[in-house]
Amino acid sequence: MPELPEVEITRLGLKSLINYKVSEVVIRNSSLRWPVDRSLHKILIGRKLISLKRRGKYILAEFPNGTLIIHLGMSGHLCIVSKDREIMKHDHVDIVFDNVSHKIVRYNDPRRFGCILWTEKNPLKHKLLDNLGPEPLSSDFDVDYFFQKLRKKTASIKNTIMNSHVVVGVGNIYASEALFHAKIRPQREAHKVSMTEANNLVLAIKETIKNAILKGGSSINNFFDVNGKNGYFQNEHQVYGRKDKPCILCKNPIQQIILGQRSSFYCKKCQQ
DNA sequence: CTGTTCTCCTGTGGGC
DNA sequence: TGCCCACAGGAGAACA
């Protein structure tokens, strides 16, 4: 479910909890991708949430004694709920703030590919985050950097932009979308992409992600923000999920192929 | 090192 | 209606 825009919207939605103290942690099911520390309540109770940052698709919740590293995986959601909210299936973890009944952060994740990890060190040096590529919206992600990376890659351009060591935050939906905007076929070998095309792709990735954040994220299979509000970006997908439907630009049917086990969509006329 | 495949898990939708 | 199968937004691990 969540690509970078959805994670960013989730992070922004949680900011209302900054400066509140944790009063309770409930772990109903600790078996996420990696086990949730069962002593998290001892670590967190009485600690004030200092900041909420993001690196790639990881949300970093900073406390005085360390940081929670949260990833939503494929199907994770964070919601702010009140005490009387009924417990749903797959509501695995609650973090209650300030003993206020309406300030509970609830983690729900049917597939349990997400994670909630505690670190007392610099989270950016955590092994999951240490070798990540640049943020797509930062100035570090520019054509000079990107083209140098592409020259060394024989993998497909789509797999390359989805590689978090090249650039973070480009998931399966936005990879297809960005390649459509840059008019590059997803299966092209990365090192055969020209400087001009690389430049177009950098701009397309930035635009696609920026636009999706503005629109509140994609709501495919019910993404919703921390207050339960839907995003609208799914209404703007040009190729993703549009197999056999007419291309927005030339009316030719959109193709679907599998690259790296993932569905990829493109227009064979507009993308070369 | 690189690129590819496998893996975790549940839910959903299509075909029969 | 139920059953079975394919597939789903991530990404580290294992492997060649």
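Naming: A, B, ... by sequence-line order, numbering from 1 per chain. Worth knowing before you read on, the calculation uses all heavy atoms, side chains too, and leaves out hydrogens, waters and symmetry mates.
The side chain of A:Ser164 has C:dG12 as its nearest neighbour among C:dG12, C:dA8, C:dG9. Candidate nucleotides B:dC9, B:dG11, C:dG12 were compared by shortest atom distance to the side chain of A:Arg33, and C:dG12 ranks first. With C:dA11, C:dG9, C:dG12 as the choices, the nucleotide that has an atom nearest any side-chain atom of A:Tyr240 turns out to be C:dG9. When distances are taken from the side chain of A:Ile173 to each of C:dG9, C:dG12, B:dT4, the shortest belongs to C:dG9. Here the side chain of A:Tyr58 is nearest to one of C:dG12, B:dT5, C:dA11, namely C:dG12.
As rounded to whole Å, 13 Å separates atom C1' of B:dG3 from atom NE2 of A:His165. Note: CG (A:Asp91) to P (B:dG11) measures 12 Å, nearest angstrom. Spacing between atom CG of A:Asn108 and atom C1' of B:dT10 amounts to 11 Å, rounded to whole angstrom units. Across the protein-nucleic acid pair, A:Leu132 atom CG and C:dG12 atom P stand 7 Å apart, rounded to whole Å. Look at CZ on A:Arg112: it is 19 Å from P on C:dA11, rounded to the nearest Å. C:dG12 atom P lies 9 Å from atom NZ of A:Lys127, rounded to whole Å. A straight line from NZ of A:Lys57 to P of C:dG10 spans 4 Å, rounded to a whole angstrom. Between the CG atom of A:Asp130 and the P atom of C:dG12 there is a distance of 12 Å, rounded to whole Å.
A donor and an acceptor atom, one from each side chain of A:Ser156 and A:Arg188, are nowhere located under 3.5 Å apart. Side-chain atoms of A:Ser75 and A:Asp109 form a donor-acceptor pair, as typed in the model, at a separation below 3.5 Å. Side chain to side chain, A:Lys158 and A:Asn172 meet the donor-acceptor criterion of an N or O pair below 3.5 Å. For A:Gln256 and A:Tyr266, the side-chain atoms include no donor-acceptor pair closer than 3.5 Å.
Geometric assessment of A:Lys48 against the ring of A:Phe63 yields a negative cation-pi assignment under the 6.0 Å and 45° thresholds.
Base pairing analysis places B:dC9 opposite nothing; no Watson-Crick or G-U wobble pair with both distances below 3.5 Å involves it. B:dC1 makes up no base pair with any nucleotide shown, lacking Watson-Crick or G-U wobble contacts both under 3.5 Å.
The side chain of A:Thr154 contributes an N or O atom lying less than 4.0 Å from OP1 or OP2 of B:dG3. Remark: A:Ser263 is in phosphate contact with C:dA8, judged by side-chain N or O atoms under 4.0 Å from OP1 or OP2. One finds no side-chain N or O of A:Arg111 lying less than 4.0 angstrom from the OP1 or OP2 phosphate oxygen of C:dG9. Under 4.0 angstrom from either OP1 or OP2 of B:dG3 there lies at least one side-chain N or O belonging to A:Lys153. In this structure, A:His90 does not reach the B:dT10 phosphate: none of its side-chain N or O atoms is under 4.0 Å from OP1 or OP2.
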Before you tell me yes or no, could you show the steps for A:Arg54 and A:Glu8 under side chain to side chain contact (heavy atoms under 4.5 Å, CB included), namely the whole-Å CA-CA distance, both residues' side-chain angles and the distance that decides it to 0.1 Å? CA-CA 7 Å; A:Arg54 180 185 59 72; A:Glu8 178 65 4; 2.6 Å; yes
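Comparing the same atom, C1', in B:dG3 and in C:dG9 gives a spacing of 22 Å after rounding to whole Å. Rounded to whole Å, the P atom of B:dC9 lies 24 Å from the corresponding atom of C:dC3. Here the separation of C:dG12 from B:dG11, taken at their C1' atoms, is 23 Å to the nearest Å.
Taking the 5.5 Å centre cut-off and the 30° plane limit, the aromatic side chain of A:Phe113 is not classed as stacked on C:dA11.
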